[in-house]
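The sequence lines fix the lettering, A, B, ..., with proteins before strands; numbering per chain opens at 1.
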Amino acid sequence: MFSPPPEGIAFPDWAYKPESSPGSRQIQLWHFILELLQKEEYQGVIAWQGDYGEFVIKDPDEVARLWGIRKCKPHMNYDKLSRALRYYYNKRILHKTKGKRFTYKFNFSKVVLVNYPLLDMAIPPGKIAQAPLS
DNA sequence: TTCGGAATTG
DNA sequence: CAATTCCGAA
């Protein structure tokens, strides 16, 4: 039969964007990719590959167009989109699966931390811990 | 196809 | 700071 959706890579809740507090930033690129990946209607353009967090882009131009619409950038294209993705390598949010075409992998360890900085709020009185992130 | 520098913007 | 754009290189 057709391969059932791998249960391990489905996004529970923590993958969602904490979204906008007033004055927040706009949606980041990986949030948008996550949103597309969670919808079956986009499996024609982007879908999970197999391993944990690995996904493959089937229609880069389609993804790029949707992303462009989202950001009001009508001249978006996979070349520019992937450029932003490449900057994510250094941020440890994404990685590239080499050998395959249009295949990337999410770095959940970092994604969770980025999404939930508020989870670590155990601050002992009198001492403020500061994480030298980003 | 993929990587990355550099300049610019919000 | 994150993303966009341009473009050369491997």
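- Just one of A/Tyr78, A/Trp30, A/Phe32 meets the ring pair (Phe, Tyr, Trp, His ring centres under 6.0 Å) condition when paired with A/Trp67; it is A/Phe32.
- Shown here is A/Lys96, whose NZ atom has more than 12 heavy atoms of other residues, nucleotides or ligands within 6.0 Å.
- Going from atom NE2 of A/His95 over to atom P of B/dC3 covers 12 Å, rounded to whole Å.
- Nucleotides of DNA chain B nearest to A/Ser82 and A/Tyr87 differ in position, and the one nearer the 5' end is that of A/Ser82.
- The interatomic distance linking A/Leu81 (CG) with B/dT1 (P) rounds to 15 Å, in whole Å.
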From CA spacing to verdict: side-chain contact (heavy atoms from CB on, under 4.5 Å), A/Lys73, A/Lys80: CA-CA 11 Å; A/Lys73 241 81 189 178; A/Lys80 298 178 206 155; over 6 Å; no
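- A perpendicular orientation is assigned to the rings of A/Phe55 and A/Trp48, their planes being inclined by more than 60° (bins at 30° and 60°).
- Counting to the nearest Å, the P atom of B/dC3 and the CG atom of A/Leu85 are 10 Å from each other.
- Rounded to whole Å, the distance from CG on A/Asn90 to P on B/dA6 is 14 Å.
- If you take CD1 of A/Ile57 and P of B/dT1, they are 12 Å apart, rounded to a whole angstrom.
- OP1 or OP2 of C/dT5 sits under 4.0 Å from a side-chain N or O of A/Lys80.
- For the pair A/Leu94 CG and B/dG4 P, the computed distance is 14 Å after rounding to whole Å.
- Across the protein-nucleic acid pair, A/Tyr89 atom OH and B/dT2 atom C1' stand 7 Å apart, rounded to whole Å.
- Nearest nucleotide to the A/Arg101 side chain, out of C/dA3, B/dT1, B/dG5: B/dT1.
- Checking the phosphate oxygens (OP1, OP2) of B/dT2, a side-chain nitrogen or oxygen of A/Lys96 falls inside 4.0 Å.
- Within the 4.0 angstrom heavy-atom criterion, only backbone atoms of the sugar-phosphate kind lie near A/Tyr88; the bases stay farther away.
- Residue-level contact check: A/Phe102 touches the backbone only, with heavy atoms under 4.0 Å from sugar-phosphate atoms and none from bases.
- Contacts between residues 65-79 of chain A and DNA chain C, defined by a heavy-atom separation under 4.0 Å, are made by A/Trp67, A/Lys71, A/Lys73, A/Met76, A/Asp79.
- Linking Ile, Leu, Val, Met, Phe, Trp and Tyr residues whenever their side-chain heavy atoms come within less than 4.5 Å leaves A/Tyr87 and A/Leu81 in two separate clusters.
- At a threshold of 4.0 angstrom between heavy atoms, the contacts of A/Arg86 include nucleobase atoms, whether or not backbone atoms are also involved.
- Among residues two or more places apart in sequence or in another chain, the salt bridge (charged side-chain N to carboxylate O under 4.0 Å, His left out) test is passed with A/Asp79 by A/Arg83.
- Whole-Å rounding puts the A/Asp59 CG to B/dT1 P distance at 12 Å.
- Put simply, the side chain of A/Asn107 gets close to the backbone of A/Arg92: a donor and an acceptor are under 3.5 Å apart.
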